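All values derive from a computational prediction rather than experimental measurement.
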Amino acid sequence: MSQTAMNRALGEVRLKVAYKKPEALLSEYTRSIGRGGVTLQTQKNLPVGTRFVFEMYNPGVAAPVEVLGEVVRVTSQPGGRYMLTVKYDPGQDRGGLDAVLQRIFDLHEFEKLRRYPRIPLHLPAMEEETPFAPPFFVRDLSRGGVGLEVEAPALPPSVKVGMPFLLEMDLTLGTLLLHGEVAWTSAGGPEVLPTFGVNFGTLRPDTVERLEKLLSLESMPPPPWRARVCFGMDAVMRTP
């Protein structure tokens, strides 16, 4: 997270940062919580147990989104610096987070191309059944589908329009299985990763409930976030 202000009192460090768009704020929030922690370099030797409060602001939302952190390891570095390992906790106060989510939903009312608002997740995913498959990255999720990046120069042969698809991830409520088919692909470019989008099929009621809990960030995977993807017959055979 970018630091714009830092105040230390009673063993607590507060970091404040502003984001122009609610999507950017939520993107950084899910990135941080998904990793479970962060490593920071500092000139101050903060003791283990020091608490951090990351305050994330958006101009359209009055209350900040807070991410709590605690120093769990301190390592000395050359030049009188220290490397701090900070463990993240989303905290119990959802006021700011719910307001940012609502802001995204409200802004989506002006969206004409997409049926559902998208929630950024920053979720690494692997195609476990295929040796040497490139890493995938879930960019965003909605009630109707999911967008992914492929960390490779080109899309794998399995990623083509019409191909059956399955995304699997473990939440606090249980396993979430989202099936559908590839709806579009983009080959990317010199500085842009290949991407593709999936439209979900008809989901079971319990799956819809778990999806809604994830989209509201009420039921999240334990960190570090991971997911599994598969295509074609593998996806069809594993679809509930």
**Student:** If you group Ile, Leu, Val, Met, Phe, Trp and Tyr whenever their side-chain heavy atoms sit less than 4.5 Å apart, what else falls in with Leu177?
**Tutor:**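 Joined to Leu177, directly or through intermediates: Leu166.
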**Student:** Counting only heavy atoms from other residues, nucleotides and ligands, does the tally under 6.0 Å from CD of Gln92 exceed 12?
**Tutor:** no
**Student:** Taking the side chain as everything from C-beta on, heavy atoms only, tell me whether Trp225 gets closer than 4.5 Å to Ile33.
**Tutor:** yes
**Student:** Should Asp170 and Arg228 count as an ion pair when the cut-off is N to O under 4.0 Å?
**Tutor:**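 Judged by the 4.0 Å cut-off on N to carboxylate O distance, Asp170 and Arg228 do form a salt bridge.
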**Student:** Answer whether the closest heavy-atom distance between the side chains of Leu123 and Met169 falls below 4.5 Å.
**Tutor:** yes
**Student:** Phe165 pairs by ring pair (Phe, Tyr, Trp, His ring centres under 6.0 Å) with which of Phe200, Phe136, Phe231?
**Tutor:** Phe231
**Student:** Answer yes or no: is there an ion pair linking Glu218 with Lys213, defined by an N-O contact shorter than 4.0 Å?
**Tutor:** yes
**Student:** Over all heavy atoms of both residues, which pair between Asn58 and Pro22 is shortest? Give the atoms and the distance, please.
**Tutor:** ND2-N, 3.3 Å
**Student:** Whether the side chain of Thr50 engages the backbone of Leu46 through a donor-acceptor N/O pair (distance < 3.5 Å, no angle test) should be reported.
**Tutor:** no
**Student:** Of the non-hydrogen atoms in Ala187 and Pro194, which two are nearest, and what is the gap between them?
**Tutor:** O-CG, 3.7 Å
**Student:** Is a side-chain donor or acceptor of Asp140 paired with a backbone partner of Leu121 at a separation under 3.5 angstrom?
**Tutor:** no
**Student:** Quick check: does any side chain N or O of Thr239 sit under 3.5 Å from a backbone N or O of Ala235, one acting as donor and the other as acceptor?
**Tutor:** yes
**Student:** Considering only heavy atoms from C-beta outward, does the side chain of Val146 approach that of Leu178 to under 4.5 Å?
**Tutor:** no
**Student:** Spell out, yes or no, whether Leu167 and Leu171 are grouped together once hydrophobic residues are joined by side-chain heavy atoms under 4.5 Å, including indirect joins.
**Tutor:** yes
**Student:** Linking Ile, Leu, Val, Met, Phe, Trp and Tyr through side-chain heavy atoms less than 4.5 Å apart, which residues share a cluster with Met233?
**Tutor:**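 Met233 shares its hydrophobic cluster with Met237.
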**Student:** Counting distance only, does the side-chain N/O of His179 pair as donor-acceptor with the main-chain N or O of Val236 below 3.5 Å?
**Tutor:** no
**Student:** Side-chain heavy atoms under 4.5 angstrom apart, residues restricted to Ile, Leu, Val, Met, Phe, Trp, Tyr: same cluster for Tyr57 and Leu97?
**Tutor:** no
**Student:** Let's go through Leu193 and Val150 carefully: what are the C-alpha distance in whole Å and the side-chain angles of both, what is the deciding distance for side chain to side chain contact (heavy atoms under 4.5 Å, CB included) to 0.1 Å, and is it a yes or a no?
**Tutor:** CA-CA 6 Å; Leu193 292 175; Val150 183; over 6 Å; no
**Student:** For the pair Glu55 and Val53, evaluate side chain to side chain contact (heavy atoms under 4.5 Å, CB included) and give the outcome as yes or no after the intermediate values.
**Tutor:** CA-CA 6 Å; Glu55 296 182 356; Val53 180; 4.1 Å; yes
**Student:** Run the numbers on Val161 and Phe196 for side chain to side chain contact (heavy atoms under 4.5 Å, CB included), then give the verdict.
**Tutor:** CA-CA 9 Å; Val161 173; Phe196 65 99; over 6 Å; no
**Student:** Will you find, in the side chains of Asp106 and Gln102, an N or O donor that is under 3.5 Å from an N or O acceptor?
**Tutor:** yes
**Student:** For Thr195, is there any backbone N or O sitting under 3.5 Å from a side-chain donor or acceptor partner on Ser186?
**Tutor:** no
**Student:** Can the ring centroids of Tyr88 and Phe54 be said to lie less than 6.0 angstrom from one another?
**Tutor:** yes
**Student:** Are the side chains of Thr75 and Tyr82 in touch, meaning some heavy atoms are under 4.5 Å apart?
**Tutor:** no
**Student:** One pair to check against salt bridge (charged side-chain N to carboxylate O under 4.0 Å, His left out): Arg210 and Glu212. What are the steps and the verdict?
**Tutor:** CA-CA 5 Å; Arg210 292 177 183 181; Glu212 292 287 351; over 6 Å; no
